[in-house]
Every structure is written in C-alpha cells, then in structure tokens.
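Working notes, beginning with the structure itself.
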Amino acid sequence: MRLLMDKKEIITWLHESSPGALSRLFKDADACRHRCVGDCVHVRGIIEFSNYCSKNCLYCGLRRSNSRIHRYRLSLPEIYACAEQAKKLRIPTVVLQSGEDPGYSIKDLCILAAKIKKLGLTVTVSIGERSFLDYRRLKEAGADRYLLRFETSNALLYRRLKPDSSLKKRITCIENLKQLGYETGSGSMIGLPGQSIGNIASDILLFAELGLDMIGIGPFIPHPDTPLSKAGKGSSEMVLKAVALTRLVTKNTNIPATTALGTIDAKGRQKALCCGANVIMPNLTPREYRVLYQIYPDKICISEDSIKCRQCIETMVTGIGRKIARGPGNRRVQRIVK
Ligand code: 5AD
Ligand code: SF4
Ligand code: FES
C-alpha cells in the first residue's frame with residue numbers, strides 16, 4: 001500500500017490544535033470515508049460474555065488482581081439468547097468478547113460460533129491471545145472475524161502495561177489470524193501514561209503495515225481499582241485526530257466510533273462518525289451483567305437494554321444524515337478507491 005502520509009506529517013497533525021486546521025483534517029477524513037467505504041454505518045452488537053481474566057494489564061478493570069470486581073460468566077445458552085436478540089433487532093454481526101477466560105473450552109466456543117452462524121449472523125470473536133490451533137478451530141467452526149488490539153506499538157510501554165505478554169507475541173497472533181483468513185481487527189488506546197505523540201503516529205503506521213480490516217481507537221480511561229488509577233485520561237480531540245488520520249492512511253478499513261470515546265465525550269461517537277469512522281457497536285450484554293464488565297469506569301449504556309441501544313444508534317446515525325447498513329459489512333466487498 002502506498003502511504004500518502006509519512007510519520008513526520010502524521011506527527012504534525014497530531015500536534016495541531018487550531019480549530020480551522022482541524023476542521024479541514026476532519027472534513028478530508030470524512031470525504032475519504034465517503035469515497036472508500038460509502039455512507040452506510042455498520043452495526044455490530046457486542047456480547048460481553050465473561051469478565052474473568054487471567055491477565056493483569058495495568059490499565060484494565062478486569063485484570064486478575066482486581067479483587068473488588070464481581071466476576072460473572074454467561075452460560076452458552078445465555079450467550080446464544082443474546083445472539084438471537086441481535087437477529088431480532090436486525091443486527092447482522094455479533095462480537096463475542098470476554099477477558100482471557102480459561103473457563104470456556106475451545107470446543108464449547110466452537111459449538112457456540114457454529115450455532116450462531118446458523119442464525120445467519122456474522123461472528124466476530126474477541127477473547128485475547130490464543131494458539132494458532134485454537135484460532136484455526138474457531139475459524140473452521142464458523143468464526144468470521146477476530147478483534148485483538150495491540151494497544152500500543154511501543155514495545156517498552158507494552159511490556160510495562162501488559163506484563164503477561166509482549167508486543168512481538170501480540171503481532172504474531174494478529175498475523176496468525178490474518179493467515180487463517182479472518183477479517184482481522186486491532187487497535188490502540190490514546191493517552192496511555194508514558195505514551196508520546198510519536199508513539200501514536202507509529203500506531204497509525206502499524207495499522208497500515210499490518211493490513212488490518214478493522215481498527216478501533218479509544219481513549220485510555222483510568223480505572224480506580226488499578227495501578228493506573230491516578231493517571232490522566234486520554235483526550236477526545238486526540239482520539240478524533242487519530243481516527244481521522246487512520247482513515248486517511250488506511251483508506252477502506254472499518255473503523256468504529258468506540259464506546260470509550262462516547263464515555264469521555266457525550267457526542268464523541270457522533271463526532272468520530274463525522275471524521276472517518278463508519279461502524280458502531282451497541283451493547284447486547286444482558287442488562288444485569290453490563291455494570292460488571294467494567295474495563296473502565298462510567299461506561300455508557302449500563303442502565304439501558306439491547307433494544308434501547310439499538311434505537312439510540314438508529315437515532316444517532318440518522319441524526320447525522322447517514323444510514324444504517326443492512327448487510328454484514330465485510331471489508332473485502334467494499335470499494336477500494338486509490
Ligand atoms: N480505558 C480505555 N480502554 C480500555 N481498555 C481496557 N482498559 C481500558 C481503559 N482503562 C480497552 C483495551 C481493550 C479493550 C477491550 O478495552 O483497548 O483491548
Ligand atoms: Fe484481560 Fe484484556 Fe483487560 Fe488485559 S485488557 S486485563 S487481557 S480483559
Ligand atoms: Fe446504548 Fe445509546 S448506544 S444508550
């Protein structure tokens with residue numbers, strides 16, 4: 001892929017704060033989004049099926065050392081019922097997300113993926129780092145897509161924030177997923193303690209280098225029951241700049257307006273949809289469990305149910321003059337414009 005922007009230019013844009021210049025950047029990204037992926041917004045329903053995690057990422061409320069969190073695990077029939085709800089709500093894709101929970105066997109997850117596929121839904125899995133073999137079994141069972149954010153492209157920062165893993169291992173997982181034919185998503189957080197503007201520029205270049213299909217970018221939000229409780233949060237403007245630049249650099253990828261951005265800025269998701277994003281992910285987790293999936297505090301959509309979130313998203317998308325897509329929104333069938 002030919003990159004139209006080099007690292008220096010990306011850094012200059014990330015430093016930019018003049019409203020006039022930023023409004024030009026956002027308009028360019030919006031036009032690029034229109035040309036490369038069209039005007040439809042794709043809806044992916046997220047099912048947060050377990051908040052158990054064997055890892056200890058310093059930023060995350062689900063980390064294993066957090067003893068203040070009440071843990072839950074949905075049964076396979078409960079998860080399936082959420083997928084049925086997606087179908088009823090005309091949401092064509094479900095995202096099965098959890099912490100890295102050893103409590104589900106790969107066999108069970110395969111049965112689940114296969115069953116949900118039979119509903120005619122597209123299945124995205126987001127359960128962290130697994131072996132090539134596990135990824136292969138899931139793919140063969142019917143999983144279509146996989147989300148695994150690399151969080152930061154800086155190997156040292158990665159080591160500090162994710163003591164159980166390494167950036168190298170993460171990238172290998174992403175490459176394995178691609179090799180297996182998954183539509184592969186990754187992403188990063190903005191405003192991590194110790195992260196520089198140069199690091200964010202490198203994240204954007206790594207998105208392009210990895211040839212990702214989906215890219216999620218959200219602000220870091222400090223969680224009170226983690227070692228980073230005293231750190232500052234990421235800025236909504238910096239997230240929007242990163243979204244816009246990611247669109248301009250990666251052209252026809254699927255980019256969500258993230259829930260974390262909607263959490264720090266009430267209009268954040270609408271703003272992201274107007275500067276490069278083309279995907280939105282309503283929550284389909286049963287209401288009683290939502291409050292427990294506390295990756296970060298004050299998450300939106302905690303007291304709403306799936307029907308309410310679906311309606312809210314319809315209003316949001318039509319409110320900015322866009323339409324909700326009817327099909328599954330695979331990246332590969334979208335137009336590629338040079
Ligand atoms: N603030 C914002 N996002 C977070 N995530 C985890 N912890 C936080 C936090 N404190 C994000 C990570 C992870 C995704 C599921 O949630 O990027 O990949
Ligand atoms: Fe677990 Fe993911 Fe949270 Fe890390 S970011 S503690 S792997 S849920
Ligand atoms: Fe959940 Fe708006 S998307 S209430």
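Nothing fancy with the numbering, it's 1 onward along the sequence. We count ligands from 1, going down the list as the structure has it; atoms in each ligand are counted the same way.
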Among all the protein's non-hydrogen atoms, which is closest to [atom], and how far away is it?
atom: atom 6 (C) of ligand 1; result: Ile295 CG2, 2.9 Å
atom: atom 2 (Fe) of ligand 3; result: Cys312 SG, 2.2 Å
atom: atom 7 (S) of ligand 2; result: Cys53 SG, 3.6 Å
atom: atom 4 (C) of ligand 1; result: Met189 SD, 3.4 Å
atom: atom 13 (C) of ligand 1; result: Glu151 OE2, 3.4 Å
atom: atom 9 (C) of ligand 1; result: Ile221 O, 3.5 Å

Just by distance, do the side chain of [X] and the backbone of [Y] share a donor-acceptor pair under 3.5 Å?
X: Arg33; Y: Gly38; value: yes
X: Asp144; Y: Val123; value: yes
X: Thr124; Y: Tyr146; value: no

Taking Asp164 as the fixed residue, which of Arg159, Arg64, Arg170, Arg63 is the one that meets the salt bridge (charged side-chain N to carboxylate O under 4.0 Å, His left out) rule?
-> Arg64
Among Gly262, Cys301, Pro282, which residue places a heavy atom closest to atom 1 (Fe) of ligand 3?
-> Cys301
contact_flag Met316 ligand 3 heavy-atom lt 4.0 Å = no
Does ligand 3 have any atom that is closer than 4.0 Å to a heavy atom of Lys308?
-> no
For [X], atoms of ligand 2 separated by under 4.0 Å from a heavy atom:
X: Tyr59; result: 5 (S)
X: Lys55; result: 6 (S), 7 (S)
X: Cys60; result: 3 (Fe), 5 (S), 6 (S), 8 (S)
X: Arg63; result: 6 (S)
X: Gly99; result: 8 (S)

More than 12 heavy atoms of other residues, nucleotides or ligands under 6.0 Å from CZ of Arg73: is that the case?
-> yes
Look at atom NZ of Lys233 and say whether more than 12 heavy atoms of other residues, nucleotides or ligands are closer to it than 6.0 Å.
-> no
Ser126 heavy atom under 4.0 Å from ligand 1 | no
For His223, is the nearest heavy atom under 4.0 Å from an atom of ligand 1?
-> no
Does Thr246 reach the side chain of Asp203, with side-chain heavy atoms less than 4.5 Å apart?
-> no
For residues Arg44 and Asn254, determine if any side-chain heavy atom of one lies less than 4.5 Å from a side-chain heavy atom of the other.
-> yes
What atoms of ligand 1 come within less than 4.0 Å of a heavy atom belonging to [X]?
X: Phe220; answer: 1 (N), 2 (C), 10 (N)
X: Pro219; answer: 1 (N), 2 (C), 3 (N)
X: Cys60; answer: 7 (N)

Look at atom 4 (Fe) of ligand 2 and say whether a protein heavy atom is found at less than 4.0 angstrom from it.
-> yes
What part of Arg290, side chain, backbone, both or neither, has a heavy atom within less than 4.0 angstrom of ligand 3?
-> neither
When the ring planes of Phe207 and Phe150 are compared, do they come out parallel, tilted or perpendicular, using 30° and 60° as the limits?
-> tilted
So does Cys57 have any N/O/S atom less than 2.8 Å away from atom 4 (Fe) of ligand 2?
-> yes
